[in-house]
Amino acid sequence: MSYVLAVLVGAVWGVAAGLVNMLVMRAALKKKSDRAIMAANLARTVLDVAALAVVFLLRNILPLPYTFVLVGTAAGLSITTIIVSFRLAGGKG
């Protein structure tokens, strides 16, 4: 049961980071500048790494198996990025 909880906690953390990524990308797209989009992509990558690093650095403090939290975080980030990218591209999903 703790493994499922760990994945869910990680997924919530990953989705939260993914939503911040969405806000960064929307702001860049509103500027309609190639430089802004490149900077946003760099910022999103840094944010992704930071979200995963937080889980890794807190591995001795977390009361849950950190590898499962890490997997949940990565899954949450990936799924959110896919959904947001599809919506920003004009998809109906």
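What you are looking at is a predicted structure, and each value in this text was computed from that prediction instead of being measured. In this chain, numbering begins with 1 at the start of the sequence shown.
- Tracing side-chain contacts under 4.5 Å through hydrophobic residues (I, L, V, M, F, W, Y), one reaches Val55 starting from Ile61; they form part of the same cluster.
- Nearest approach of Ala51 to Ala17, heavy atoms of both residues: CB-CB, 3.8 Å.
- For Met22 against Val84, the heavy-atom pair with the smallest separation is CG-CG1, 3.5 Å.
- Ile79 and Trp13 sit in two unconnected hydrophobic clusters of ILVMFWY residues. Membership requires side-chain heavy atoms under 4.5 Å apart, directly or through other members.
- A distance of 7.5 Å separates OG1 in Thr67 from OH in Tyr3, rounded to the nearest 0.5 Å.
- Put simply, the side chain of Arg59 gets close to the backbone of Phe56: a donor and an acceptor are under 3.5 Å apart.
- Here Thr81 contributes atom OG1 and Met25 contributes atom CE; the two are 9.5 Å apart, rounded to the nearest 0.5 Å.
- A heavy-atom distance below 4.5 Å is found between the side chains of Leu52 and Leu77.
- Closest approach of Ala40 to Ala28, counting heavy atoms only: CB-CB, 3.4 Å.
- Between the CG atom in Leu58 and the CG atom in Leu70 there is a gap of 11.5 Å [rounded to 0.5 Å].
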Residues Val24, Leu47; criterion side chain to side chain contact (heavy atoms under 4.5 Å, CB included); working and verdict
CA-CA 10 Å; Val24 169; Leu47 187 73; 5.6 Å; no
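- Here the straight-line distance linking atom CE of Met38 with atom CG of Asp34 works out to 8.5 Å at 0.5 Å rounding.
- Separation of atoms CG (Leu5) and CG (Leu64) is listed at 5.0 Å; rounding is to 0.5 Å.
- Residues Leu8 and Val12 have side chains not in contact (no heavy-atom distance under 4.5 Å, counting atoms from C-beta outward).
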